[in-house]
Amino acid sequence: MCGIGIAIAPASSAHDHVWPTVLDAIRRRGPDSLRTFHHHFTAHSQPYALSLASSVLSLRGVGITAQPLASTHGRLLLAWNGQIFDTVDGASSSRVRLDAGENDAQVLLDRITTLVDAGSGCEQAVNAALAEVEAPYALALLDTHTSTLVFARDPLGRRSLLLHRSPRHEALTICSVASTALLDSIANDPGATLDEIDCATIWAIDLLRSPTTPRALPRCQSRFTQPLLLRELRPQQPASTEDDFEAARDGFLAVLADSVQRRVANIATDQAAGEAHVAVLFSGGLDCTTLALLAHRYVPAHQPIDLLNVGFENPRALAAARTERQRKARASTEPRRRNKHQPASTPLQDDAAESAPELGGEEDIYAVPDRLTGLASYAELRRLAPLRRWNFVAINIAYDEYTRYRSQVATLMAPTSSVMDLSIGCALYFASRGAGLLGTELYTTPARVLLSGLGADELLGGYSRHRHALSSGLCALVDELQLDLHRLPTRNLGRDDRVISTHAREARYPFLDRTVLDYLTSTPTTTKINTDLLKAGQRGDKFLLRKLAQSLGLVQASRLQKRAMQFGTRAAKIDPHSGAIKGHHKA
Ligand SMILES: Nc1ncnc2c1ncn2[C@@H]1O[C@H](COP(=O)(O)OP(=O)(O)OP(=O)(O)O)[C@@H](O)[C@H]1O
Ligand SMILES: NC(=O)CC[C@H](N)C(=O)O
């Protein structure tokens with residue numbers, strides 16, 4: 001992923017010690033180029049300076065399209081962290097150019113320039129151009145003629161953009177990710193703030209009038225920007241073309257496969273043709289295994305697909321497992337009647353009981369639940385696609401290594417800061433670093449594109465809270481699913497982008513493609529979820545996806561139960577005495 005950094009401040013105070021640290025942080029996200037453009041203006045009779053920096057992780061077009069990218073006469077400057085995967089039908093010239101392999105930043109800037117040349121203000125032009133594309137993005141556009149800055153994130157918030165205000169709001173920093181110096185300012189200067197930029201609207205700053213006060217602009221409506229509403233909650237429910245379950249499953253397969261194809265095709269890098277261009281963040285669970293098998297259809301046959309599977313040495317869980325094994329061994333050699341007042345097990349024993357059967361043996365400290373599932377699904381992929389080179393990369397993170405990197409991950413994920421965020425952030429940090437064992441050899445994935453299965457649980461009812469909601473009736477389940485859709489932009493995606501992109505890689509989310517979202521929000525809830533099975537505590541969750549996976553031959557993976565990343569990797573409750581700490585506590 002690329003990076004964006006913008007500083008707006010009175011000229012006298014511009015470029016303090018924080019700005020170089022912001023540049024460092026965004027350089028890591030986009031190692032292929034980094035440019036900075038300076039714009040000077042006067043507001044309230046005071047000279048001001050704006051610096052606009054943009055780094056590029058080049059994935060589209062011929063060569064590297066450096067940013068900020070200038071329009072022909074230099075009036076407009078674009079910083080684009082994004083990938084256009086689809087365009088509305090009306091934008092046919094953009095579509096043709098993208099299909100021909102042109103760089104999407106250039107195509108987008110040309111479209112904005114055309115609208116500005118035809119008389120639109122730059123805010124309207126950006127707004128209209130963004131409504132024509134399906135893309136994860138964070139963007140900033142500076143109009144040097146009018147001294148207007150426009151910035152935005154895609155409606156689902158798949159790319160990060162943060163806003164930092166100085167204590168008296170006289171200066172503003174907009175950046176993909178925070179640096180330690182920026183966080184120090186939050187800690188030390190009362191009044192300083194750091195927030196994720198809201199992606200429901202587009203933002204603009206009229207630099208000459210109010211240089212540090214963004215204004216919200218409602219988004220232009222299109223099929224890519226309309227709010228997502230489940231069919232059960234629409235005033236008029238669409239006629240159900242998918243009464244037939246098999247037709248619904250096949251329709252889902254068609255849109256999901258197409259989404260995967262668009263995310264793995266046309267990756268233009270200077271990599272050797274025969275090395276992996278695509279890796280899967282691979283727990284071995286249902287969601288990512290299905291994506292891996294679909295990716296196999298479209299990734300060139302001579303390229304390997306890397307499966308990145310992370311697991312942590314968790315001293316607490318290991319100690320508990322050992323104690324539990326010893327207890328069981330003692331119990332089997334000295335059978336004793338349990339006193340009825342003695343509790344069946346302690347919380348630590350419960351934890352161990354969960355670990356014990358899943359740890360492959362005392363010595364295999366990385367045989368965490370996701371490793372075992374990962375290996376099983378890897379075997380299934382090899383069986384179904386034997387001619388593909390699948391690289392199962394075992395990413396083993398020792399407790400020492402985790403403790404060395406923890407504060408770095410905490411800085412990257414800011415302003416999110418809970419214990420659960422840190423566990424997930426660490427799992428994603430190491431998984432996307434992509435360095436582990438390929439067999440017995442050390443290996444680091446060269447892939448810049450990482451597929452993630454995130455989104456399937458929100459769309460298809462994969463969380464245990466969906467089952468709890470169903471116990472209050474179907475309407476409660478529908479409401480819970482709608483809430484998930486509503487919260488997608490604010491929950492995890494910004495955090496994940498900040499953590500993953502620091503390794504100069506880009507996460508792509510096939511389940512969050514707009515056409516997939518439209519399809520699944522139009523499919524009846526009772527088709528997506530088998531409510532009878534779910535009520536009975538069986539595999540009724542993500543039922544449509546389970547059946548899709550089965551139809552592809554993924555028999556083992558289609559039966560897997562959801563396991564949250566922090567538990568599957570054993571990144572949660574890893575520190576001594578962390579047993580009583582709750583996920584929502586501050587890390
Ligand atoms: N141990 C892991 N190693 C690498 N990537 C992982 C791991 N665990 C989860 N991921 C990635 O994060 C995504 C979202 O994780 P989440 O905890 O929501 O799992 P999930 O919904 O059960 O998905 P899946 O069925 O793919 O495991 C996964 O689809 C996968 O791409
Ligand atoms: N990774 C990015 O967001 C870079 C921008 C552009 N899509 C490119 O590939 O060059």
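Read the numbers this way: they start at 1 and go in the same order the structure lists the ligands and their atoms.
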Salt bridge or not for [X] and [Y], using N-O below 4.0 Å?
X	Y	value
Asp287	Lys562	no
Arg404	Asp400	no
Arg495	Asp421	yes
Glu401	Arg433	yes
Arg111	Asp104	no
Arg262	Asp513	yes
Glu380	Arg382	no

Any N or O of [X] closer than 3.5 Å to N or O of ligand 1:
X	value
Leu281	yes
Asn309	no
Asp287	yes
Thr569	no
Phe282	yes
Met565	yes

Worksheet item: Taking the non-hydrogen atoms of Thr65, is any one of them nearer than 4.0 angstrom to ligand 2?
Response: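 Contact check Thr65 vs ligand 2: negative.
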Sub-4.0 Å heavy-atom approach of Ala105 to ligand 2
no
**Asked** For Phe282 and Ser377, which heavy atoms make the closest approach, and how far apart are they?
**Response**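 Closest approach of Phe282 to Ser377: CZ-CB, 3.7 Å.
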Nearest 0.5 Å, please: how far is NE2 in His466 from NZ in Lys542?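 If I round to the nearest 0.5 Å, the distance is 10.5 Å.
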Rounding to 0.5 Å, atoms CG (Leu477) and CZ (Arg465) come to a distance of 10.5 Å
Which ligand 2 atoms, with their elements, are less than 4.0 angstrom from a heavy-atom of [X]?
X	value
Asn81	3 (O)
Asp104	6 (C), 7 (N), 8 (C)
Asn103	8 (C), 10 (O)
Cys2	1 (N), 2 (C), 3 (O), 4 (C), 5 (C)

Could you list which atoms of ligand 1 come closer than 4.0 Å to a heavy atom of [X]?
X	value
Ser452	13 (C), 31 (O)
Asp457	18 (O), 20 (P), 21 (O)
Arg563	17 (O), 22 (O)
Leu286	25 (O)

task: Look at atom CZ of Arg383 and say whether more than 12 heavy atoms of other residues, nucleotides or ligands are closer to it than 6.0 Å.
output: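 Enclosed: over 12 neighbouring heavy atoms sit under 6.0 Å from CZ of Arg383.
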Of the listed options [options], closest to [atom] (non-hydrogen atoms):
atom	options	result
atom 16 (P) of ligand 1	Lys562, Arg371, Gln561, Lys542	Lys562
atom 1 (N) of ligand 2	Asp32, Ile64, Leu57	Leu57
atom 29 (O) of ligand 1	Gly568, Ala549, Gly453, Ala571	Gly453

Practice task
Using the ring-ring contact (aromatic ring centres under 6.0 Å, His included) rule, collect all pairs that involve residues 423-450, keeping only residues at least two apart or in two chains.
Solution key: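 Every ring-ring contact (aromatic ring centres under 6.0 Å, His included) pair that includes a residue of residues 423-450, provided the two are not neighbours, is Phe312-Phe430, Tyr405-Tyr429, Tyr405-Phe430, Tyr429-His503.
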Taking the side chain as everything from C-beta on, heavy atoms only, tell me whether Arg371 gets closer than 4.5 Å to Asn309. yes
* Do Leu78 and Gln67 have side-chain heavy atoms sitting under 4.5 Å apart? -> no
query: Which one holds for Leu308 and ligand 1: side chain close, backbone close, both close, or neither close, with close meaning a heavy atom under 4.0 Å?
result: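 Contact part for Leu308 vs ligand 1: backbone (N, CA, C, O).
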Practice item. With heavy atoms under 4.0 Å as the rule, classify the contact between Asp370 and ligand 1 as side chain, backbone, both or neither. Key: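 Contact part for Asp370 vs ligand 1: side chain (C-beta onward).
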Between Glu458 and Tyr463: side-chain donor-acceptor atoms closer than 3.5 Å: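 The criterion, which ignores hydrogens and geometry beyond distance, is satisfied for Tyr463 and Glu458.
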Quick one: nearest non-hydrogen protein atom to [atom], plus distance?
atom	value
atom 26 (O) of ligand 1	Cys288 N, 2.8 Å
atom 6 (C) of ligand 1	Ser283 N, 3.9 Å
atom 3 (N) of ligand 1	Val310 N, 3.1 Å

Does Glu506 reach ligand 2 with a nitrogen or oxygen that is under 3.5 Å from one of the ligand's nitrogen or oxygen atoms?
->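 Glu506 vs ligand 2: N/O contact under 3.5 Å present.
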